[in-house]
Amino acid sequence: MDKIEEEIAAQNGNLEESSSTKDGSICGYESLHHLLSVNLKPHLYKLQRLKLYGYSRGFTSFAGDGMSSVTCVIVNVEVSRLLIGLNCGKPLELIALPESAKALSSKHDFDLQAFSFDADKELVRQPRVVRVGLIQNSVALPTTAPLLDQKRAIFQKLKPIIDSAGASGVNILCLQEAWMMPFAFCTREKRWCEFAEPVDGESTQFLQEHARKYNMVIINPILERDVNHGETLWNTAIVIGNHGNIIGKHRKNHIPRVGDFNESTYYMEGNTGHPVFETAYGKIAVNICYGRHHPLNWLAFGLNGAEIVFNPSATVGELSEPMWPIEARNAAIANSYFVGSINRVGTETFPNPFTSGDGKPQHADFGHFYGSSHFSAPDASCTPSLSRYKDGLLISDMDLNLCRQLKDKWGFRMTARYELYADMLARYLKPDFEPQVISDPLLHKKSL
């Protein structure tokens with residue numbers, strides 16, 4: 001083994017050791033973007049100096065040790081271009097946030113980042129800039145604590161993060177999947193059904209107050225108890241208007257069945273279709289968690305006119321992390337809308353061990369929820385992600401004019417062949433369907 005091989009082996013050993021730590025970091029860094037920004041050698045790459053504005057202390061470390069939150073940092077433009085793309089031909093701009101929002105971030109120790117997506121100037125339409133926020137968080141109390149204490153602690157934990165969004169002028173805010181409870185569906189125990197609420201229940205009322213206070217649309221993903229239909233349960237996202245009114249709801253379309261992790265223990269596939277909610281700030285939709293694995297699900301929200309689609313999720317590293325930065329970004333490109341991806345953080349331990357259908361011994365946790373919430377734009381650009389292990393608030397200004405501009409540029413709606421797809425799907429649904437396969441006539445012919 002030569003010197004270079006020895007160095008690589010040593011680095012791989014260190015990497016494996018760092019990656020196995022329990023803090024949820026990536027080799028000690030909060031995110032992949034943070035790791036790259038700190039460790040890439042500047043002299044090897046084309047550089048550009050950008051200013052950091054108003055970041056929380058978690059993201060201040062992005063600038064390197066000893067740098068203040070308003071300082072010049074060296075950013076690798078070429079790596080950044082390939083990793084997160086360019087918005088209208090340039091890197092994403094950073095947003096200056098008010099001191100009150102940053103103070104809440106420091107006091108309550110949550111990651112705070114803010115970026116701006118631009119669109120080209122138009123001759124007919126004025127810019128349609130909307131400020132959007134995503135919240136990721138861990139549970140506040142152990143799962144062994146009394147149920148009501150767990151829920152109320154979550155409310156208290158999220159209040160300063162929501163207040164930070166309000167102080168920052170966020171127009172639309174989305175929380176993570178089933179934010180008002182631990183993600184207990186992996187246990188298959190019915191005791192956790194007690195967290196379920198009606199649409200106008202305690203969680204909605206809590207968020208309605210903030211919606212009225214901050215003139216903010218808030219998406220509230222909960223475990224819903226449908227009191228009008230036999231008290232059945234649904235995985236539901238409630239859209240609260242900026243006046244505190246309930247605009248409507250959407251129920252999760254796709255239920256995961258991976259190993260013996262099967263959410264149909266608690267609820268079944270939703271029955272609300274693919275609604276798009278027209279709000280004071282734009283047309284929005286909610287593609288809940290597992291629905292992001294289904295391209296036609298994303299497509300349907302686009303066909304109904306969505307400009308922003310939120311994907312509130314709860315997913316763990318071993319299961320899905322390599323897919324996480326790909327699927328939502330691809331959906332934004334293919335459907336010419338913005339996507340906000342939210343994932344919870346932390347490792348939730350339950351009282352009774354369970355199995356996951358993977359042949360491994362029973363265990364008391366589902367794995368590490370890796371956060372990494374981010375925004376994707378229709379021009380293939382995206383924001384750096386929030387921390388992999390800390391609570392966080394990601395804010396983005398987005399000019400919704402970019403949606404139409406990308407439709408005009410790429411012509412996906414005009415060049416799609418929906419009649420062909422419809423015919424294919426109609427044939428596929430018939431019991432006597434046969435795949436359209438043309439075999440090589442020489443494939444099975446015996447040689448002479």
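Annotation for Glu122: atom CD counts as buried by contact number, over 12 foreign heavy atoms lying within 6.0 Å. No more than 12 heavy-atom neighbours from other residues, nucleotides or ligands sit within 6.0 angstrom of NZ on Lys121.
A donor-acceptor pair under 3.5 Å is absent between the side-chain atoms of Asp200 and the main chain of Gln205, judged by distance alone. In terms of modelled atom types and a separation under 3.5 Å, the side chain of Ser106 and the main chain of Lys102 share a donor-acceptor contact. In this structure, the side chain of Ser31 engages the main chain of His34 through a donor-acceptor pair within 3.5 Å. Of the possible polar contacts, none joining the Glu318 side chain to the Gly367 backbone as a donor-acceptor pair under 3.5 Å is found. Proximity of a side-chain donor or acceptor of Tyr428 to a complementary backbone N or O of Pro435 within less than 3.5 Å is not detected. Side-chain atoms of Glu93 do not come within 3.5 Å of backbone N or O of Ser116 as any donor-acceptor pair. Side chain of Thr415 to backbone of Gly411: a donor-acceptor contact under 3.5 angstrom is found. Checking side-chain atoms of Ser168 against main-chain N and O of Ser164 turns up a donor-acceptor pair under 3.5 Å.
Screening residues 372-404 for ring-ring contact (aromatic ring centres under 6.0 Å, His included) gives Trp324-His374 as the qualifying pairs, with residues at least two apart or on separate chains.
Side-chain atoms of Lys151 and Phe206, non-hydrogen and from C-beta on, never get closer than 4.5 Å to each other. Phe350 is listed as a side-chain neighbour of Cys186, based on a closest heavy-atom distance under 4.5 Å. You'll find the side chain of Arg131 reaches within 4.5 Å of the side chain of Ile95, heavy atoms only. You'll find the side chain of Asp118 stays beyond 4.5 Å of the side chain of Asp399, heavy atoms only. A 4.5 Å side-chain heavy-atom check between Gln176 and Asn137 finds at least one atom pair inside the cut-off. Side chains of Glu307 and Met398 form no contact here, defined as non-hydrogen atoms less than 4.5 Å apart. At a threshold of 4.5 Å between non-hydrogen side-chain atoms, the residues Phe110 and Leu386 do not count as touching. For the pair Asn335 and Phe412, the minimum side-chain heavy-atom distance is 4.5 Å or more.
Across Gly392 and Ile161, no two heavy atoms sit closer than the pair O-CG2, 4.4 Å. Closest approach of Pro182 to Thr143, counting heavy atoms only: CB-CG2, 3.9 Å. Minimum heavy-atom separation, Leu233 to Ala196: CD2-CB, 3.6 Å. Val132 and Val170 get closest at one heavy-atom pair: C-CG1, 4.1 Å. Of all the heavy atoms in Ser313 and Cys289, the pair that sits closest is OG-CA, 3.5 Å. Pairing each heavy atom of Ser376 with each of Ala332, the nearest pair is CB-CB, 3.9 Å.
By the 30° and 60° cut-offs, the orientation of the rings of Tyr421 relative to Tyr418 is perpendicular.
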- [ ] With side-chain contact (heavy atoms from CB on, under 4.5 Å) as the test, would you mind laying out the steps for Asn253 and Tyr290 before giving the verdict?
- [x] CA-CA 8 Å; Asn253 278 334; Tyr290 193 75; over 6 Å; no
Open item on the list: Pair Ile222, Trp179 - check side-chain contact (heavy atoms from CB on, under 4.5 Å), show working.
Closed with: CA-CA 7 Å; Ile222 67 166; Trp179 67 276; 4.3 Å; yes
Open item on the list: Before you tell me yes or no, could you show the steps for Ser372 and Asn343 under side-chain hydrogen bond (donor to acceptor under 3.5 Å, both in side chains), namely the whole-Å CA-CA distance, both residues' side-chain angles and the distance that decides it to 0.1 Å?
Closed with: CA-CA 7 Å; Ser372 305; Asn343 185 29; over 6 Å; no
Task: Pair Glu419-Arg417, salt bridge (Lys or Arg N to Asp or Glu O under 4.0 Å): steps then yes or no - done: CA-CA 5 Å; Glu419 71 283 2; Arg417 298 296 305 277; 2.6 Å; yes
- [ ] Give the C-alpha distance, both sets of side-chain angles, the deciding distance and a yes or no for side-chain contact (heavy atoms from CB on, under 4.5 Å) between Thr383 and Gln113.
- [x] CA-CA 9 Å; Thr383 66; Gln113 301 186 35; over 6 Å; no
Open item on the list: Please evaluate residues Asn287 and His294 with respect to the criterion side-chain hydrogen bond (donor to acceptor under 3.5 Å, both in side chains), reporting the C-alpha separation (whole Å), side-chain torsions for both, the decisive distance (0.1 Å), and the verdict.
Closed with: CA-CA 10 Å; Asn287 182 5; His294 296 270; over 6 Å; no
TODO: Test side-chain contact (heavy atoms from CB on, under 4.5 Å) on His363 and Phe354 and set out the steps.
DONE: CA-CA 5 Å; His363 40 82; Phe354 53 89; 3.5 Å; yes
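Here the CE atom belonging to Met424 is positioned 10.0 Å from the CG atom belonging to Leu429, to the nearest 0.5 angstrom. Note that the CZ atom of Phe366 and the CG atom of Leu319 stand 5.5 Å from one another [nearest 0.5 Å]. Interatomic distance, CG of Leu86 versus CG of Asp379, reported as 8.5 Å (0.5 Å rounding). In this structure, CZ in Arg388 is found 4.5 Å from NE2 in His368, a value given to the nearest 0.5 Å. Residue Leu97 holds its CG atom at 5.0 Å from CD1 of Ile395, rounded to the nearest 0.5 Å. Note that the CG atom of Leu175 and the CD1 atom of Ile219 stand 9.0 Å from one another [nearest 0.5 Å].
Ion pairing of Arg251 with Asp226 is present here, as a side-chain N (NZ or NE/NH1/NH2) and a carboxylate O approach within less than 4.0 Å. The pair Arg404-Asp408 fails the salt-bridge criterion, with no side-chain N (NZ, NE, NH1 or NH2) lying under 4.0 Å from an Asp/Glu carboxylate O.
Applying side chain to side chain contact (heavy atoms under 4.5 Å, CB included) to Asp391 and the options Lys157, Arg344, Gln136 leaves one that passes, Lys157. Of the candidates Glu231, Glu197, Glu194, Glu202, Glu231 is the only one forming a salt bridge (charged side-chain N to carboxylate O under 4.0 Å, His left out) with Arg225.
Residues that satisfy the side-chain contact (heavy atoms from CB on, under 4.5 Å) test with Lys409, not counting sequence neighbours, are Leu406. Annotation: side-chain contact (heavy atoms from CB on, under 4.5 Å) contacts of Arg257 (sequence neighbours excluded): Ile255, Asn262, Ser264, Met268, Glu269.
Residues Phe185 and Tyr267 bring their aromatic ring centres within 6.0 Å.
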